[in-house]
Amino acid sequence: MQLTINVNGKEYSIESGKSLLDLIKQYIPNAKYGIIAAREGDKLIELTTPIGENKSVEWVKTDSSEGIAILRHSTSHIMALAVKRLFPKTLVAIGPSTDDGFYYDFDSETRFNEEDFTKIEAEMQKIIDSDLPFVRKEVSKAEALAKFKDEGEIYKAEIIGEIDAETVSLYTTGEFVDLCRGPHIPSTSYIRAFKLTKIAGAYWRGDEKNKMLQRIYGTAFADSKSLKAYLTMLEEAKERDHRKIGKEMGLFGFYQEGPGFPFWKPNGMVLYNGIVDYWRRIHRQNGYIEVKTPIILNEDLWHRSGHWANYSENMYFTKIDGDSYAVKPMNCPGGILIYNDGIHSYKELPLKIAELGLVHRHEKSGVLHGLFRVRQFTQDDAHIYCTKEQVKGEVEKVIALVQKIYSDFGFDDVHIELSTRPDKSIGSDEMWELAEKSLKEALEELKIEYKVNPKDGAFYGPKIDFHIKDAIGRSWQCGTIQCDFAMPERFDMSYIGADGKKHRPVMLHRAILGSIERFIGILIEHYKGKFPFWLAPEQLRILPIAAAHLEYANSVKNFLQNFGFRVTIDESSEKLGAKIKQARLDRVHTIAIIGDSEMNSKLVTVRKADMEENRTLKLDELVDFFIDLNNNTK
RNA sequence: GCUGGCUUAGCUCAAUCUGGCAGAGCAGCUGACUUGUAAUCAGCAGGUUGCGGGUUCAAUUCCCAUAGCCAGCUCCA
């Protein structure tokens, strides 16, 4: 019998029982390796699946995110086969694809190290070259369980025990049989480019009470060019590491005396203050007022807020006059005390109160990571107190502000995620429903695409998260809006409505940069330390050619400093070439060269430190040039 | 917190495996050079080898403990 298969709107006729792979071979033979699976509605179909009816499908290609995930997942099976060939006593746990590759967890008496990678990669290449098929087989749960138990594969057996289905699918590649949902590539030769990247310990099921397994990471791409580009990106990321650049530029430091507590050096302080100045200005422009609340507050407050019950493992405590106090991990309870100090009218709402709040959170020692994960940081926090009816509109305004601010910092690619009620939470079901609905509606009203993260909300409310993409394509979570009906209830907050009666306000928590410290880390990596003019710690360095030019250089410096520009002079007795090199290493924004000709004609020759082009300007023109630079970036 | 690795001059790294006087480059200081677009030359100084124990005639090196850092797990702004 002939079947009609509609692929991407084009019709093909093939015999019943043949597969999509046969179809490709017959009609589009030069597509080999580019097409990796097909999608029918939400369902992914393997190319080798026999077809028994007319269908309408779309190709899944290796350059799509679904396609690359299949490719990587299959590569993880190939790695597991290679590892089992080389180290036969090894047990396998799980081996999924990840955002940038794949891994497989192994339980082995052999301690693997990176020197083993060459061996494993060679074995994998052998497997790929021998073009072994991936063969899917459905078996009963009991049969699969018996098989893996016989082989002592305790991890696989444990997973099967928890699967809620009559049958499970097994995939055979060579002599390796794995429990797996699929889909997979038709055969191993589809893998064109792969590499093992690192090895690390990982707990079975991510639980530190369980045995630690050995996780081998790798990655695979549709072709070697993409793999190479990825590896180059990793190198580039290393070059941009904010910990390295921070040290080189004298921005910040961490010392043994305070693990996780950043110290800001003078150049870093310029960045920090530049951001804060900008932040204050734009918040004023958007109708926010500002407060500051204490860092240490009485234990009682934290019981009322729910932090004691839900967050105490991350909090620092202290005693004052025999009473127990906690160091704030969040700013909201303090802000609420200010709100509750007095009566509020509905006419004041929405009330937008911002706070650059210094918070302390006791993060586990192993998670600290430069400025990205610290124990003390400043949230660019704000709390918006409003009526239920105002929530949606206020959320929309925050979203607009978030986008404006990111774009001012040079981030134009933003994506949004919505996180819903976690298992550990406070507040009633109705509150949660209403809160989640308000956030959803705001996003839908603005026609913004978003992804849902189930159970990932804060303990007091659901949240919208904002992620920005940096110069080398990495994504960072920064901003957040959290919709909170619970705190107002707990703290018995109220406003007087038009009806003269007390009503409960809704509280929106929001941060845009997230943490100033972390945001600076992201900026460093985004700009690779070459900050735009308004943020650059050293905006201009004057390089006098000889000692005779120092006096004129100083007068130029003073002139520019009066306008508020950050100017230094290289007074060393080096040659010009050496001074230029040093200025570039220090990532100075612009350099000015002053020699006889400039001194005699009262001019300055400037150039951006990383460019070749020179401009010779009058001092007034230089000031205008700098003012332009400032305006262009903000 | 867990697993593994690392910690040597201000910085980047040798010497550690196989125990035997701890060594470079850059930065610093001094002097000379007065310089026109990515490193001028010479000299000087710089160290209880993260901290604490142990083994040894002898420990930067081996062992134990501890702190910090790095990678990953988990968590997260």
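Below, chain A is the first sequence line, B the second, and so on; all start at residue 1. Only this structure's heavy atoms are used, side chains among them; waters, hydrogens and symmetry mates stay out.
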Peer 1: Would you kindly give the CG-to-P distance between A:D423 and B:C75, to the nearest whole Å?
Peer 2: 12 Å
Peer 1: Would you classify A:K244 as touching base, sugar-phosphate or nothing, given that sugar-phosphate means primed atoms plus P, OP1 and OP2, and contacts are heavy atoms under 4.0 Å?
Peer 2: nothing
Peer 1: Between the side chains of A:Y272 and A:T378, does any donor sit under 3.5 Å from an acceptor?
Peer 2: yes
Peer 1: Base, sugar-phosphate, or nothing for A:R205, non-hydrogen atoms under 4.0 angstrom?
Peer 2: nothing
Peer 1: In residues 567-579 of chain A, which residues come under 4.0 Å of RNA chain B by heavy atom?
Peer 2: A:S573, A:E574, A:K575, A:L576, A:G577, A:A578
Peer 1: Rounding to a whole Å, what distance do you find between A:L368:CG and B:G1:P?
Peer 2: 9 Å
Peer 1: Measure the distance from NZ on A:K198 to P on B:C70 and round it to the nearest whole Å.
Peer 2: 15 Å
Peer 1: Work out how far the C1' atom of B:A45 is from that of B:C26, and round it to whole angstrom.
Peer 2: 15 Å
Peer 1: Side-chain N or O of A:R243 versus OP1/OP2 of B:C70: is the shortest distance under 4.0 Å?
Peer 2: yes
Peer 1: Give me the ring orientation class for A:H360 and A:F261: parallel if the planes are under 30° apart, tilted from 30 to 60°, perpendicular past 60°.
Peer 2: tilted
Peer 1: Expressed in angstrom and rounded to an integer, what is the separation of A:E551 atom CD from B:U34 atom P?
Peer 2: 20 Å
Peer 1: What is the nucleic acid contact for A:E363, judged by heavy atoms within less than 4.0 Å: base, sugar-phosphate only, or nothing?
Peer 2: base
Peer 1: A:D100 has an atom CG; how far is it from atom P of B:G72, in whole Å?
Peer 2: 10 Å
Peer 1: Is there a donor in the side chain of A:T420 and an acceptor in the side chain of A:E436, or the other way round, less than 3.5 Å apart?
Peer 2: no
Peer 1: Starting at atom CE of A:M315, determine the distance to atom P of B:C75, rounded to an integer number of angstrom.
Peer 2: 21 Å
Peer 1: So, does A:Y217 get its side chain near the phosphate of B:C73, meaning an N or O under 4.0 Å from OP1 or OP2?
Peer 2: yes
Peer 1: Report which part of the nucleic acid A:V359 touches: base, sugar-phosphate, or nothing (heavy-atom distance under 4.0 Å, all strands).
Peer 2: nothing
Peer 1: Should the ring pair A:H73 and A:H77 be called parallel, tilted or perpendicular, given that the plane angle runs from 0 to 90° and is split at 30 and 60?
Peer 2: perpendicular
Peer 1: Do the ring planes of A:Y406 and A:F519 sit parallel (below 30°), tilted (30 to 60°) or perpendicular (above 60°)?
Peer 2: parallel
Peer 1: To the nearest angstrom, how far is A:H549 atom NE2 from B:G36 atom P?
Peer 2: 10 Å
Peer 1: At 4.0 Å (heavy atoms only), tell me whether A:E598 reaches a base, stays on the sugar-phosphate, or touches nothing.
Peer 2: base
Peer 1: B:A71, OP1 or OP2 - any side-chain N/O from A:H369 closer than 4.0 Å?
Peer 2: yes
Peer 1: Ignoring hydrogens and angles, answer whether the base of B:C73 and the side-chain atoms of A:R215 contain a donor-acceptor pair closer than 3.5 Å.
Peer 2: no
Peer 1: Using Watson-Crick or G-U wobble pairs with both distances under 3.5 Å, give me RNA chain B in dot-bracket, 5' to 3', with [ ] for crossers and | for pairs to another strand.
Peer 2: (((((((..((((......[..)))).(((((.......))))).....(.(((..]....))).))))))))....
Peer 1: Using the side-chain heavy atoms of A:V367, tell me which of these nucleotides is nearest: B:U35, B:U37, B:U74.
Peer 2: B:U74
Peer 1: Quote, to the nearest angstrom, the P distance that separates B:A65 from B:G5.
Peer 2: 13 Å
Peer 1: Hey, what's the ring geometry for A:H307 with A:Y311, parallel, tilted or perpendicular (30° and 60° as the breaks)?
Peer 2: perpendicular
Peer 1: Figure out the CD/C1' separation between A:Q582 and B:C26, and round it to whole Å.
Peer 2: 10 Å
Peer 1: State whether the side chain of A:Q539 and the backbone N or O of A:F533 hold a donor-acceptor pair below 3.5 Å, judged by distance alone.
Peer 2: yes
Peer 1: Can you check the distance between B:G23 and B:A15, where both ends of the measurement are the P atom (answer in whole Å)?
Peer 2: 14 Å
Peer 1: Say you pick atom C1' in B:C29 and the same atom in B:G10; how far apart are they, in whole Å?
Peer 2: 13 Å
Peer 1: Looking at every strand, decide which applies to A:D596 at a 4.0 Å heavy-atom threshold: base, sugar-phosphate, or nothing.
Peer 2: base
Peer 1: Heavy atoms only, 4.0 Å cut-off, all strands: where does A:T480 land among base, sugar-phosphate and nothing?
Peer 2: nothing
